[in-house]
Amino acid sequence: MGLFPRVCLFFFSAGAFSFGGGYAVLSMLQREVVTVQGWLSPQEFVNIIAIAEMTPGPITVNTSTFVGYQLFGLLGGILCTLCIIAVPFSLSLTASIFFQKFKENRYLKGALKGIRPAVIGLIAAVSISMAQASFTDTASMIIFVVSLGLLWKFKWNPILVLLASGCCGIVVYGVIL
Amino acid sequence: MLPILQREFVRNCWMTDNECMDVISLTTSLPGPIVVNGATFMGYKLKGIPGAFAAVAGAILPSIVIITIIASVFSTITGNQYVDYFFAGVRPGVCALLLYTMVRLSAVVKLRKWQNAALALATFVAVGVLGVHQIFAILASAAIGILAYSKNRAPKEGDEDGPFS
């Protein structure tokens with residue numbers, strides 16, 4: 001299979017299982033990055049996550065557009081995004097039309113009760129290799145702790161925190177070191 | 001995002017608050033971004049199937065435009081030293097964000113209940129260590145949820161939501 005159909009198929013299936021705020025998608029994307037070498041380096045992967053987090057819009061859509069563009073240009077970005085929202089859109093549309101039936105479905109409720117804790121495990125799994133790509137020296141650890149403090153204690157907006165950590169990077173690596 | 005969505009729903013769809021709650025719960029239950037699911041619902045309610053398409057197109061268009069612009073200049077700027085320094089700083093920031101997200105989700109998902117914690121840990125080990133595919137992990141956790149939930153047809157006192165709530 002060529003790269004383009006393969007990538008589209010990936011986003012299509014990722015979208016179908018994109019529970020838990022897009023983080024399941026990140027986990028799946030990371031898997032593709034690792035197994036299908038040549039897509040992205042581990043650091044490029046984290047960079048893309050950062051951009052997807054910093055820009056408005058769902059992280060899922062931002063990631064698919066970015067990766068699609070990087071690999072296949074403008075049309076690629078659009079098509080990959082359409083692939084990732086294909087199943088969610090179809091399901092939501094079906095649910096809108098047959099609202100009553102979906103609303104009380106106890107299988108859906110039960111399924112979610114299992115999926116939600118699992119997503120936390122998925123995020124943890126992504127974090128491990130992201131940490132490997134991110135923690136290269138003491139400075140990066142310090143930036144990590146500072147960012148955590150800004151998020152946790154000071155309740156900063158995540159976008160601001162990422163911008164701040166980036167600026168810290170410029171200051172620390174560019175000026176101090 | 002959620003409060004804004006809720007306000008827009010009520011304002012534009014003349015839905016009752018209860019209906020609103022149901023739609024919100026469905027949009028967060030189905031896979032996909034809340035924005036996409038929410039736009040689909042609202043678009044359909046207002047203008048039927050074409051409305052749903054239009055709403056979703058509108059929802060994703062800004063992201064596509066912004067990201068395409070960023071991506072198009074990305075390769076030219078990543079050569080720059082200071083941009084590299086910026087991302088070297090951003091990467092630990094992303095890790096912090098992930099950790100924070102996990103902590104917040106743990107509170108919502110009630111990780112203190114051993115069943116939830118066990119499921120999270122099992123998923124982490126399966127996917128992160130053993131290399132199990134995420135889709136399989138999600139299907140398995142969904143199946144476990146369905147089994148656990150359906151078994152508790154007559155819940156005990158104080159545990160009405162079942163073991164995995």
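Protein chains get the first letters and strands the later ones, always in sequence-line order, with residue 1 at the start of each. Nothing here was measured: the structure is a model prediction, and the numbers come from that model.
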Could you give the distance from CD1 (A:I120) to CG (B:L105), rounded to the nearest 0.5 Å?
-> 5.0 Å
Distance-minimising heavy-atom pair for A:P88 and B:P31 = CB-O, 3.2 Å
Can you tell me if OH on B:Y100 sees more than 12 non-hydrogen neighbours from other groups inside 6.0 Å?
-> yes
Could you check B:L30 against A:F19 for side chain to side chain contact (heavy atoms under 4.5 Å, CB included), going step by step and ending with a plain yes or no?
-> CA-CA 7 Å; B:L30 297 169; A:F19 294 95; 5.9 Å; no
So which of B:S72, B:A140, B:S106 has the biggest tally of heavy-atom pairs under 4.5 Å with chain A?
-> B:S72
B:A88, B:G128, B:A96: which one forms the most heavy-atom pairs within less than 4.5 Å of chain A?
-> B:A96
Start with the C-alpha gap between A:I51 and B:F74, add the side-chain angles, then the distance that decides, and say whether side chain to side chain contact (heavy atoms under 4.5 Å, CB included) holds.
-> CA-CA 10 Å; A:I51 294 176; B:F74 198 61; 3.3 Å; yes
Between A:L162 and B:G93, which heavy-atom pair has the shortest distance, and what is it?
-> CD2-C, 3.6 Å
Greatest number of non-hydrogen atom pairs under 4.5 angstrom with chain B, of A:I123, A:I59, A:I128, falls to A:I123
Go through A:L151, A:V46, A:T65 and name the one with the most non-hydrogen pairs under 4.5 angstrom from chain B.
-> A:L151
A:L3, A:F11: one ILVMFWY side-chain cluster at the under-4.5 Å cut-off?
-> yes
Tell me whether A:V119 is reachable from B:L99 by hopping between hydrophobic residues (I, L, V, M, F, W, Y) whose side-chain heavy atoms are closer than 4.5 Å.
-> yes
With chain B, the option among A:I49, A:I85, A:T60, A:T136 that has the most non-hydrogen atom pairs under 4.5 Å is A:I85
Roughly how far, to the nearest 0.5 Å, is the CD1 atom of A:I170 from the CD atom of B:Q81?
-> 11.0 Å
Which one, A:A125, A:A111, A:A164, leads in non-hydrogen pairs under 4.5 Å with chain B?
-> A:A111
Do any N or O atoms from the side chain of A:R31 and from the backbone of B:G131 form a donor-acceptor pair under 3.5 angstrom?
-> yes
Leading residue by heavy atom contact count with chain B [cutoff under 4.5 Å; candidates A:C167, A:A24, A:S140] = A:S140
Is the closest side-chain heavy-atom distance between A:W152 and B:V103 below 4.5 Å?
-> yes
OH (A:Y107) and CD1 (B:I146) are apart, to the nearest 0.5 Å, by 7.5 Å
Structural part of B:V132 lying under 4.5 Å from a heavy atom of chain A = backbone
Is the number of heavy atoms from other residues, nucleotides or ligands within 6.0 Å of NZ (A:K153) greater than 12?
-> no
In Å and rounded to the nearest 0.5 Å, what is the CD1 to CD1 distance from B:I67 to A:I78?
-> 13.0 Å
In the single-linkage hydrophobic clustering (I, L, V, M, F, W, Y; side-chain heavy atoms under 4.5 Å), do A:L79 and A:F72 co-cluster?
-> yes
What distance do A:Y69 atom OH and B:I70 atom CD1 have between them, rounded to the nearest 0.5 Å?
-> 12.0 Å
Identify the heavy atoms of A:F144 and B:C95 that sit nearest to each other, and give their distance.
-> CE1-C, 3.6 Å
With a 4.5 angstrom heavy-atom cut-off, could you sort out which part of B:V83 is near chain A: side chain, backbone, both or neither?
-> neither
Sort A:L148 into side chain, backbone, both or neither according to what part of it lies under 4.5 angstrom from a heavy atom of chain B.
-> both
Region of A:T81 in contact with chain B, defined by heavy-atom distances below 4.5 Å = side chain
A:I97 versus chain B, heavy atoms under 4.5 Å apart: side chain, backbone, both or neither?
-> both
Of the listed residues (B:I135, B:L139, B:I64), which shares the most heavy-atom pairs with chain A below a 4.5 Å separation?
-> B:I135
Measure distances from A:A133 to the heavy atoms of chain B and classify the residue's part below 4.5 Å as side chain, backbone, both or neither.
-> backbone
Using non-hydrogen atoms and a 4.5 Å limit, figure out which bit of A:V61 sits close to chain B: side chain, backbone, both or neither.
-> side chain
Counting heavy-atom pairs under 4.5 Å to chain A, which of B:S63, B:G48, B:P33, B:G43 comes out on top?
-> B:S63
For B:A52 and A:F89, the nearest pair of non-hydrogen atoms, with its separation, is O-CE1, 3.8 Å
Identify which part of A:A50 has an atom lying under 4.5 Å from any heavy atom of chain B, answering side chain, backbone, both or neither.
-> both
Find out whether A:L122 and B:I138 are in side-chain contact, i.e. whether some heavy atom of one side chain is under 4.5 Å from a heavy atom of the other.
-> yes
So do B:V36 and A:S92 actually touch side chain to side chain, heavy atoms under 4.5 Å?
-> no
Minimum-distance pair of heavy atoms, taken over all atoms of A:S127 and B:M102 = OG-CE, 3.7 Å
Taking every heavy-atom pair that is under 4.5 Å apart, which of B:V125, B:I60, B:D84 has the most such pairs with chain A?
-> B:I60
From CA spacing to verdict: side chain to side chain contact (heavy atoms under 4.5 Å, CB included), A:S134, B:V94 | CA-CA 9 Å; A:S134 310; B:V94 173; over 6 Å; no
Checking heavy atoms, do the side chain of B:Y82, its backbone, both or neither come under 4.5 Å from chain A?
-> both
B:T68 side, atom OG1; A:F66 side, atom CZ - distance, nearest 0.5 Å = 10.0 Å
Examine whether an atom of A:L163 lies under 4.5 Å from a heavy atom of chain B, and if so say whether it belongs to the side chain, the backbone or both; otherwise answer neither.
-> both
Are A:M130 and A:V145 in one and the same hydrophobic cluster, where Ile, Leu, Val, Met, Phe, Trp and Tyr link if side-chain heavy atoms are under 4.5 Å apart?
-> yes
Audit row: B:L98, A:Y23, side chain to side chain contact (heavy atoms under 4.5 Å, CB included) steps and yes/no | CA-CA 9 Å; B:L98 284 186; A:Y23 291 100; 3.5 Å; yes
Considering non-hydrogen atoms only, spot the tightest contact between A:K113 and B:N116 and give its length.
-> O-OD1, 4.4 Å
Report the option among A:S147, A:A118, A:G149 that has the most heavy-atom pairs separated by less than 4.5 Å from atoms of chain B.
-> A:A118
Looking at B:I66, B:L97, B:I49, B:V129, which makes the most heavy-atom pairs under 4.5 Å with chain A?
-> B:L97
Spell out, as yes or no, whether a donor-acceptor pair under 3.5 Å connects the side chain of B:T123 to the backbone of A:G121.
-> no
Okay, A:L108 and chain B: the region with an atom under 4.5 Å from a heavy atom over there is side chain
Single-linkage hydrophobic cluster A:V146~B:V90, side-chain heavy atoms < 4.5 angstrom | yes
Heavy-atom distance under 4.5 Å to chain B: side chain of A:M54, backbone, both or neither?
-> side chain
